[in-house]
Number of protein chains: 2
Amino acid sequence: MNLKELAQTLGLSPTTVSRALNGYPEVNEETRERVQAAAKRHHYQPNARAIRLATGRALAIGHVINVATKHEIVNPIFADFIAGAGETYTRMGYELVLTVVNDAEEARAYRSFKARGTVDGVIVHAPRAADPRIELLNEIGLPFVVHGRATGAPEPYSWIDVNNRRAFRRAAEFLLDLGHRRIALVNGFEFMDFAIRRRSGYEQALEGRGVPIDPALMFSDEMTETFGYRAAHAALANPDPPTAFLVSSMIIAIGVRRAIQDAGLRMGRDVSVITHDDDLSYLKNGEDVPIFTATRSSVREAGRQAAEMLIDIVRNPGAAPRNRMFEAELMVGLSTGPAPSKG
Amino acid sequence: MNLKELAQTLGLSPTTVSRALNGYPEVNEETRERVQAAAKRHHYQPNARAIRLATGRALAIGHVINVATKHEIVNPIFADFIAGAGETYTRMGYELVLTVVNDAEEARAYRSFKARGTVDGVIVHAPRAADPRIELLNEIGLPFVVHGRATGAPEPYSWIDVNNRRAFRRAAEFLLDLGHRRIALVNGFEFMDFAIRRRSGYEQALEGRGVPIDPALMFSDEMTETFGYRAAHAALANPDPPTAFLVSSMIIAIGVRRAIQDAGLRMGRDVSVITHDDDLSYLKNGEDVPIFTATRSSVREAGRQAAEMLIDIVRNPGAAPRNRMFEAELMVGLSTGPAPSKG
DNA sequence: TGACATGTCCAAAGCGGTTTGGGAATGATT
DNA sequence: AATCATTCCCAAACCGCTTTGGACATGTCA
């Protein structure tokens with residue numbers, strides 16, 4: 001059943017039916033109700049392809065996911081972020097279009113979104129320092145919101161982010177307060193913006209207490225379980241090993257825990273661990289009491305809000321860029337305790 | 001630059017330009033080259049909205065993800081499956097449309113896909129026994145491929161699946177060969193089809209050796225780390241505890257490992273563990289030697305092939321349903337060893 | 001040489017909606 | 001009673017492509 005047929009069964013013109021269903025004022029209330037009733041009765045749903053062509057809007061938001069940054073790893077937080085964003089899209093009548101690319105195809109994917117008109121805007125994932133995508137998107141005129149920030153990119157642009165620097169500063173200070181002086185940092189790749197900020201917060205905390213920063217205790221790589229294991233294993237083999245780890249993700253932290261246990265040590269007593277927790281639905285940090293002491297910020301909630309922000313931008317072109325900063329919670333769990341006294 | 005403008009600059013009709021670019025034979029080769037050169041020069045990209053309306057095809061595949069099955073967990077294998085499917089879509093010129101729903105909205109989402117014409121077909125994720133979506137999709141006439149099967153659903157339908165029953169039978173037999181007699185099963189929800197098949201394989205193996213099946217050693221819940229911990233913790237508290245665990249996912253296995261270590265036991269010596277490994281990119285099972293002995297099957301590869309199958313079906317309507325079964329590899333790692341002699 | 005096929009192009013009619021620009025009642029105003 | 005505004009509806013244009021149904025020129029065959 002399409003619009004024309006529906007109009008015929010009602011003895012009305014397509015114009016009037018269209019207006020009745022879309023809430024335009026120039027239609028009699030009685031007629032409108034008659035139209036709405038008929039539409040429901042016949043399960044009329046307007047053809048999305050026609051609406052898109054007629055209105056020039058895509059009613060869709062694009063997400064480009066790059067799987068070839070390194071070793072073809074799929075970022076595990078995508079699933080939750082996209083679930084959050086998807087909730088918003090469903091509620092607002094938008095669709096989510098997802099494109100999987102490798103490095104070489106990424107810029108082309110954004111240009112193609114714009115030229116072919118398949119989306120009204122995009123979410124930029126996993127920004128790097130001075131991320132070139134920001135300039136690209138501004139140049140081609142495709143609205144966007146960055147999930148995170150991109151130090152050094154031409155301001156202003158719209159973003160939503162968690163205060164990574166403060167979160168990691170607080171976490172490091174928490175460990176320092178417990179008497180830890182040798183604190184390892186197990187971080188993501190340092191070309192990623194969030195990793196730069198976390199490292200900066202960690203360094204600020206140590207410097208603030210006059211604790212020397214030891215490059216031998218700083219690790220940075222793809223955020224996998226095996227990386228966590230390797231990094232912690234190496235750190236614990238240090239002649240002056242760390243008594244605490246500050247870690248960038250739950251997945252890494254699981255690897256760190258494995259290395260601690262393999263070394264015959266006990267997490268929370270011999271060695272403390274604080275991790276960042278994206279509050280992923282399939283990887284909850286314990287139930288009543290958190291397993292890991294953690295800086296927590298829901299990536300799913302970030303997805304919801306990023307989507308809202310972007311739709312708002314798409315609907316109000318020309319408005320000033322928006323941004324929103326979350327503060328991470330510091331949740332105390334079982335993985336931290338006072339630094340063991342030297343013995 | 002749209003088709004009409006491009007045609008004007010070339011002094012040709014839109015008809016001819018369209019045909020030249022789409023490879024129709026009724027255009028002079030010389031003209032075709034002239035058109036292609038001009039298209040490239042002006043960065044012409046046809047408007048996708050117009051193509052869709054004109055051709056009646058969406059050139060898009062839908063994925064409906066249900067986040068409210070229970071506790072709003074986002075299935076962690078989606079990311080990799082979708083990355084695999086996305087590779088295929090990009091290669092074949094299709095788009096991936098993702099819709100996030102809760103239970104109440106799911107059927108409506110499929111009907112809406114069909115009625116509004118936003119996709120040409122869908123992938124059905126996480127099928128349950130006698131999954132009603134199969135009948136629904138056949139009824140509304142939307143092409144689909146099921147990732148997994150749905151015991152009891154009206155055959156035939158197209159699917160792609162791993163041989164879960166055989167994989168778990170082999171894994172259980174491997175443990176039996178090592179002398180284990182008390183083997184716990186830590187499985188997903190048993191309304192999920194894959195979980196039913198895995199359990200069946202496990203039971204077949206035990207029965208084949210005359211080992212009694214003990215319900216007290218069988219666990220089934222949402223596949224999280226904490227579930228793995230709780231299940232293993234409970235099992236190990238059994239007066240006659242298991243010496244081995246057969247587990248449905250790496251995430252669960254990590255929780256099982258934690259419980260084993262908390263109990264002061266060593267995985268691979270005191271207690272053996274075999275897990276199913278979906279070969280998720282962010283959760284590799286070790287590097288050279290697998291951490292866990294595992295039945296492995298790449299969910300990303302399944303995504304690639306499911307997408308290929310669906311596009312093939314969409315392009316050849318009326319053809320017979322297709323299906324494809326993978327065999328999981330049994331990879332021996334460090335988490336299994338001979339059953340400890342009773343002492 | 002006339003009939004017919006072939007090669008090359010175009011005008012126009014779609015796809016299914018939205019939106020513009022009236023037009024016919026009806027009511028209000030002078 | 002003539003004028004004007006308002007209400008409610010419709011015809012037709014339009015969005016940017018694809019596709020149908022010729023048109024014309026040229027070549028081929030009997």
Side-chain angles (χ1 to χ4, degrees), chain A residues 1-36 38-39 42-60 93-95 112-120 315, chain B residues 1-36 38-39 42-60 93-95 112-120 315:
Chain A
M1 167 77 60
N2 62 25
L3 183 69
K4 198 195 287 184
E5 290 161 7
L6 181 61
Q8 262 165 3
T9 69
L10 280 161
L12 289 169
S13 74
T15 308
T16 302
V17 175
S18 171
R19 283 177 165 157
L21 294 174
N22 291 314
Y24 284 78
E26 51 272 83
V27 49
N28 189 314
E29 269 315 310
E30 197 180 318
T31 308
R32 187 193 306 279
E33 280 160 27
R34 209 159 57 87
V35 171
Q36 282 169 342
H42 294 94
H43 302 108
Y44 169 70
Q45 298 240 85
N47 183 298
R49 297 189 286 253
I51 291 179
R52 291 183 171 135
L53 180 56
T55 62
R57 295 176 305 158
L59 295 172
Y94 277 71
E95 252 158 30
S112 174
F113 269 157
K114 173 69 177 184
R116 312 196 322 133
T118 48
V119 302
D120 295 321
R315 288 183 176 169
Chain B
M1 168 76 62
N2 63 25
L3 183 69
K4 198 198 287 185
E5 291 162 6
L6 181 62
Q8 262 165 3
T9 69
L10 281 161
L12 288 169
S13 74
T15 307
T16 302
V17 175
S18 170
R19 284 179 163 155
L21 294 174
N22 291 315
Y24 283 78
E26 53 272 83
V27 48
N28 189 311
E29 269 315 311
E30 197 181 317
T31 308
R32 187 192 304 282
E33 279 162 26
R34 208 158 60 85
V35 171
Q36 281 170 341
H42 294 94
H43 302 106
Y44 169 71
Q45 297 240 85
N47 183 300
R49 297 190 287 254
I51 292 179
R52 290 182 173 135
L53 181 57
T55 62
R57 295 175 305 158
L59 295 172
Y94 276 70
E95 253 158 30
S112 175
F113 269 158
K114 173 70 178 184
R116 312 195 321 133
T118 48
V119 302
D120 295 320
R315 288 184 175 167

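So you know, we letter chains A, B, ... as the sequences are listed, proteins then strands, and number each from 1. Side chains are part of it too, since the values below use all heavy atoms of this structure and drop only hydrogens, waters and symmetry mates.
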I need the A:Gln36 CD to A:Glu29 CD distance, nearest 0.5 Å.
8.0 Å
Let me confirm one number: the CD-OG1 distance from A:Glu26 to A:Thr15, rounded to the nearest 0.5 Å.
10.5 Å
For a 4.5 angstrom cut-off between non-hydrogen side-chain atoms, does A:Val17 reach A:Leu3?
yes
Side chain to side chain contact (heavy atoms under 4.5 Å, CB included) with A:Ala54: which residues, sequence neighbours excluded?
none
List in chain and number order the residues that pass salt bridge (Lys or Arg N to Asp or Glu O under 4.0 Å) with A:Glu30, two or more places apart in sequence or in another chain; answer none if no residue qualifies.
none
Which parts of residues 48-56 of chain A get close to DNA chain C, meaning a heavy atom less than 4.0 angstrom away?
A:Ala50, A:Ile51, A:Ala54, A:Thr55
Over 12 foreign heavy atoms within 6.0 Å of CZ, A:Arg57
no
For the pair made of CG in B:Leu3 and P in D:dT18, what is the distance, rounded to whole Å?
6 Å
Separation of D:dG16 P from B:Gln8 CD (nearest whole Å)
13 Å
Residues in side-chain hydrogen bond (donor to acceptor under 3.5 Å, both in side chains) contact with B:Thr16, at least two apart in sequence or another chain
B:Ser13
Mind running a 4.0 Å heavy-atom check of residues 15-24 of chain A against DNA chain C and sending the residues that fall below it, in number order?
A:Thr15, A:Ser18, A:Arg19, A:Asn22, A:Tyr24
Measure CG/B:Asn2 against P/D:dC15 and give the value in whole Å, please.
9 Å
Any base atoms under 4.0 Å from B:Gly117, or only sugar-phosphate, or nothing? Heavy atoms, all strands.
nothing
Output all residues satisfying side chain to side chain contact (heavy atoms under 4.5 Å, CB included) with B:Ile51, sequence neighbours left out; order by chain, then residue number.
B:Pro46, B:Thr55, B:Leu59
State, yes or no, whether a side-chain contact exists between A:Asp120 and A:Tyr94 at a heavy-atom distance under 4.5 Å.
yes
Which angle, rounded to 10°, do you find between the first-five-pair axis and the last-five-pair axis of the helix from C:dT1-D:dA30 to C:dT30-D:dA1?
60°
A:Leu10 has an atom CG; how far is it from atom P of D:dC10, in whole Å?
10 Å
Taking side chain as C-beta onward, heavy atoms only, is A:Asn2 less than 4.5 Å from A:Asn47?
no
Testing the basics here: between B:Pro14 and B:Ala7, what is the closest heavy-atom pair and its distance to 0.1 Å?
N-CB, 3.7 Å
Between atom CG of B:Leu6 and atom NE2 of B:His43, what is the distance when rounded to the nearest 0.5 Å?
12.5 Å
In short, salt bridge (charged side-chain N to carboxylate O under 4.0 Å, His left out) pairs touching residues 5-24 of chain A with sequence neighbours left out are none
Please tabulate, one pair per line, each protein N/O and nucleotide N/O from nucleotides 4-7 of chain D that are separated by under 3.5 Å, including the distance.
none

Of all nucleotides in DNA chain C that come within under 4.0 Å of a heavy atom of chain B, which is furthest toward the 5' end and which toward the 3' end?
C:dT8 to C:dG16
Mind checking side chain to side chain contact (heavy atoms under 4.5 Å, CB included) for B:Ser112 and listing every partner two or more places apart, or none if nothing turns up?
A:Gln45, B:Arg116
Does any pair with a residue in residues 45-54 of chain A pass salt bridge (charged side-chain N to carboxylate O under 4.0 Å, His left out), and if so which ones, sequence neighbours excluded?
A:Arg52-A:Glu95
